[in-house]
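Throughout, a chain's letter reflects where its sequence line sits, starting with A, and its residues are numbered from 1.
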Amino acid sequence: MLTAVLLFLPLAAALLLHFTKGATARALALGASLLEFGLAVYAAFAFKSTGTAGFNLDYAWIPSAGINFHIGLDGLSLLLVLLTTFLVPLILLAAFRHKYDNPSAFYALVLFMQTGLLGVFMSLDAFLFYFFWEVALIPIYFLAGAWGGERRIAVTLKFFLYTVVGSLLMLAGFVYLYLQTGPAAGSLASHSSELSAFYNLKLSAAEQSWLFWLIFAAFAVKMPIFPFHTWQPDTYTEAPAPATMLLSGIMLKMGIYGTMRWLLPVVPLGVSQWGKLVIILSVIGIIYGAIIAIRQRDMKRLIAYSSLSHVGLMAAGVFSLTQIGLQGVVVQMLAHGVNVVGMFFVADAIERRTGTRFIPDLGGLTRRTPVLSVCFLVMLLSTVALPLTGGFVGEFLLLAGVYQYNAWVGAVAGLTIIFSAVYLLRMFQRVMLGPDSAFSETINDLTGGELLVLVPLIALVFWLGLFPGTFLHLSEPAVTNILALVGR
Amino acid sequence: MTSIILLSVFGILNLFLGFLRSNKVLLPGAMLLLLAVFGANLADWNVVHAPYFNNMLVVDNYTVAFTGIVLLTTIVLLPFSRSYVLSGETNLAEYYALLLFSLVGAIMMVGYDHLLMLFVGIEILSICMYVLAGSSKRDSRSNEAALKYFLMGAFATGILLFGIALLYGATGTFVLSQLATAVAAPANASLQPMLYIGILMMIIGIGFKVSAAPFHFWTPDVYEGTPTFFTAFMSTVVKTAGFAAFLKLLAVALPAAQGFWLPTIQAMCALTLLLGNVGAAAQTNTKRMLAYSSVSHAGYLLIGLVASKGVLTGDAANGIFFYSLAYSIATVAAFGVLKLVTEHRLRDDYASLNGLGKTNPLLAFTMTVAMLSLAGIPLTGGFFGKFFLLAAAAGQGYIGLVVFAVIMSMVGLYYYLRPIIAMYLRPVDGDATPVPVDGIQTVTLAVLALLTILLGIAPGFLSGIL
């Protein structure tokens, strides 16, 4: 029951938001998202980390086709649910800083999207998963399209077509798998789309070989992995700041989560056949994203390419198929979510004050904005993977995993840390320090409201950096399970 | 059967209502009559009736289900004829009567058990449609549409009748069940070529009615010229009834000739998907886009015919039923919104929808839901319609066709997003006053959007009823 409430509370709030305006709408949106976070925290305390999904909820959805409404939480899902519910109130707070027209619709779409995201992380049925996968896409399309920058129409159309084409291929793969299953126990239908039924399939190596690409297409686009990434920098740049935070902070994790839950254990032979290629692509992405990031002069674009580079390392970690690598992915998913949302928030704060995010136009901001400067630096150093921050723990485990897989690949992937130090510190130097600019005398420091967003993020950065065990402990049985299924 | 009798009586009654010279009673009158028929139709569910008129017509669950779709479609369509009521249209009673009579034809097409009944049904439906296509008498495009539709339609009917005659010649019977035996074990093997030509002719005749390629070429012009209200009727009721008849013909009478018609339908299906989707992507006019999209949906339904492999119940038949329902609801919503917008803004290209999200949130929302449903995005009935049909086809091993259909629905996304982009992402050009929508239309649009979403969230209760 708890999972159902978790899943549908944001949706209910989104529907209610349509009847509210102004301050009521804000209070309702924020209240619902905080309540949601509270529920997720409660779930985390009530959760027993055993490796199998807890809080199961299983109803026949389309009985004639053997499709069930089956949701549940294991350690991995729970962490992503926590991340989502933690970030959404902060993203809403960030959205309150902007004067959007029709704000209640904006908040409603964010909450609607939250339901989609949570559904993706909780589904234990292939069609339910696909369903929520697409549900999460619809609001972001409107968020980016209706409230975005100048080139928003072309950019969102491109984003939408990329992701839907990927999803349709995934659906085709799922339909094929579904048709291979036998009837579930106690079901009238001749097939079943349960996750467990997919896990039990005996597929030939040839089948798995092409199924791998059908299913992986959707995940690769969402992450995004080189060369499926071309939508990403444009969309991150054109979408309004809160939508970019949703995209980079949470939606990106859908791809990684999907790979771990729905790809690795379902087609293990396909993974062993193609995993090498994916790792090579990921490493190319790491280097490619980093090199382009160095050349960027738009803050948002720079962060977008940096995210591309970092997600490459996560993908490589997933396909290293090592316990330590996968655990690294889990921590890094959380750390990256926090870092990237923080970075985009800071970039947005600067843009709101100065009206520009063009790096050469900025400079010498730090004198009047010490607090902003410190927050920016913390987020940045966590992204660079400085020890004591969440980014360090994630990247360290990831690199250890990739190194176990292949020392050379590990060495090249390690460049991500050096590169990100180069472009991020350069950005910080140009924007916050550097020669004075037109804004260095007039700019105001962060307000209390803005700190309300950044302080929890910073707290989590250090928590992840100092006590990663809290989270690693939760995900460990789930990761062990996945690896056991891959190794079978 | 009750529904046919009621519709015929009500049609005549409606004509008498016209004598009152007050359009105000006509719309509620027609809606009430149709609701009564809808109820009478539902009452036939799971009731076993003896065949009527020497096996010419049967009323079984199949008939009731598809009749339900065409009646429901007409009921939710009627409120959009409000502007005819307000404009003091003098022929309104006749239009409504023609709609009611054409439904009689549609029900005959769904419930036939004898080829002549199929022919009579198609003719009743078509003749009404020819008249309605030309109902905007002073509009030359409407006249052109009517003439074009009539000439092409008469031609197609001729071919269909020719096919029926050849089938009779080869088998000596018109009754579906006897046809099936005769096709399976022909008394005279030398008549086999005649049988095949007959089947081909019938496929051409019905293919024309449901606008399947390569017999679809009339569709864009006729849809564009016909007044939008009747276009909506044409693209939903005619198509639903046509496919119900098509499936019945192939599954009940001709399963033994599968080796012949399966490849034919498969080829038609691929061609229809290709021409419909590519054609729609090239349009700049919303109505023409919807016309081509209706061709493409005929393609998806043809997948159902392929997957049925000559079985009248089961996954494929259920898929066709669900798809027809989801498609009809979404199409009525799309045409309904388009009609209201066109009447106010006096144009029907994509730009006419610009900024509708600001001026008329409800219209824009309904249109968006309809477009997403037609494109097959989850949360809408269209997704499950496509899913059921494609899963049925994949289950029968038609992987190639399924992959092609998936690629074509990616093309579909491109043009279904264009109205959404126009409504939400582009500012209004010109007249920024809201499009007037009255109470009953508001309710209907809300119901259509909700129905589409309901079919997309809880398809279970209708997905396996046949």
With distance as the sole test, does B/Arg426 use its side chain to make a donor-acceptor pair with the main-chain N or O of A/Ile153 at under 3.5 Å?
no
Report the C-alpha separation of B/Met410 and A/Leu168 in whole Å, then their side-chain angles, then the decisive distance to 0.1 Å, and conclude whether the side chain to side chain contact (heavy atoms under 4.5 Å, CB included) test is met.
CA-CA 8 Å; B/Met410 294 173 189; A/Leu168 280 173; 3.5 Å; yes
Quick one, A/Asp101 with B/Lys358, criterion side chain to side chain contact (heavy atoms under 4.5 Å, CB included). Give me CA distance, side-chain angles, the key distance, then yes/no.
CA-CA 10 Å; A/Asp101 24 313; B/Lys358 280 244 167 54; 3.7 Å; yes
If you count the non-hydrogen atoms of other residues, nucleotides and ligands that lie under 6.0 Å from OH in A/Tyr100, is the total more than 12?
yes
Does the separation of the ring centres of A/Tyr130 and B/Phe383 fall below 6.0 angstrom?
yes
Heavy-atom distance under 4.5 Å to chain B: side chain of A/Val165, backbone, both or neither?
both
Top residue by heavy-atom pair count (under 4.5 Å) with chain B, among A/Tyr178, A/Phe127, A/Tyr176, A/Phe69?
A/Phe127
Between A/Trp147 and B/Leu425, is any pair of side-chain heavy atoms under 4.5 Å apart?
no
Could you pull out the closest heavy-atom pair between A/Ile62 and B/Ser463, with the gap in Å?
CG2-OG, 3.3 Å
Could you walk me through whether B/Ile420 and A/Phe142 pass side chain to side chain contact (heavy atoms under 4.5 Å, CB included), step by step?
CA-CA 9 Å; B/Ile420 301 181; A/Phe142 287 105; 3.5 Å; yes
Would you compute the distance between atom CG of A/Leu171 and atom NZ of B/Lys386 and round it to the nearest 0.5 angstrom?
11.5 Å
Are A/Trp61 and B/Phe461 an aromatic pair, judged by ring center distance below 6.0 Å?
no
Between A/Leu157 and chain B, with a heavy-atom cut-off of 4.5 Å, which part of the residue counts as in contact: side chain, backbone, both or neither?
side chain
Contacting region of B/Leu379 [heavy-atom separation from chain A under 4.5 Å]:
both
Determine the option with the most heavy-atom pairs under 4.5 angstrom with chain A, choosing from B/Pro361, B/Pro378, B/Gly376, B/Gly460.
B/Pro378
Which atoms form the tightest heavy-atom contact between B/Ala394 and A/Val175, and what is the distance?
CB-CG1, 4.1 Å
Answer yes or no: are there more than 12 heavy-atom neighbours, outside A/Tyr59 itself, under 6.0 Å from its atom OH?
no
Look at atom CZ of B/Phe404 and say whether more than 12 heavy atoms of other residues, nucleotides or ligands are closer to it than 6.0 Å.
yes
Side chain from CB out, backbone as N, CA, C, O: work out which of these in B/Ile407 comes under 4.5 Å of a heavy atom of chain A, or both, or neither.
neither
So for A/Tyr141, is it side chain, backbone, both, or neither that comes closer than 4.5 Å to the heavy atoms of chain B?
side chain
Determine whether more than 12 heavy atoms belonging to other residues, nucleotides or ligands lie under 6.0 Å from atom CG of B/Asp315.
no
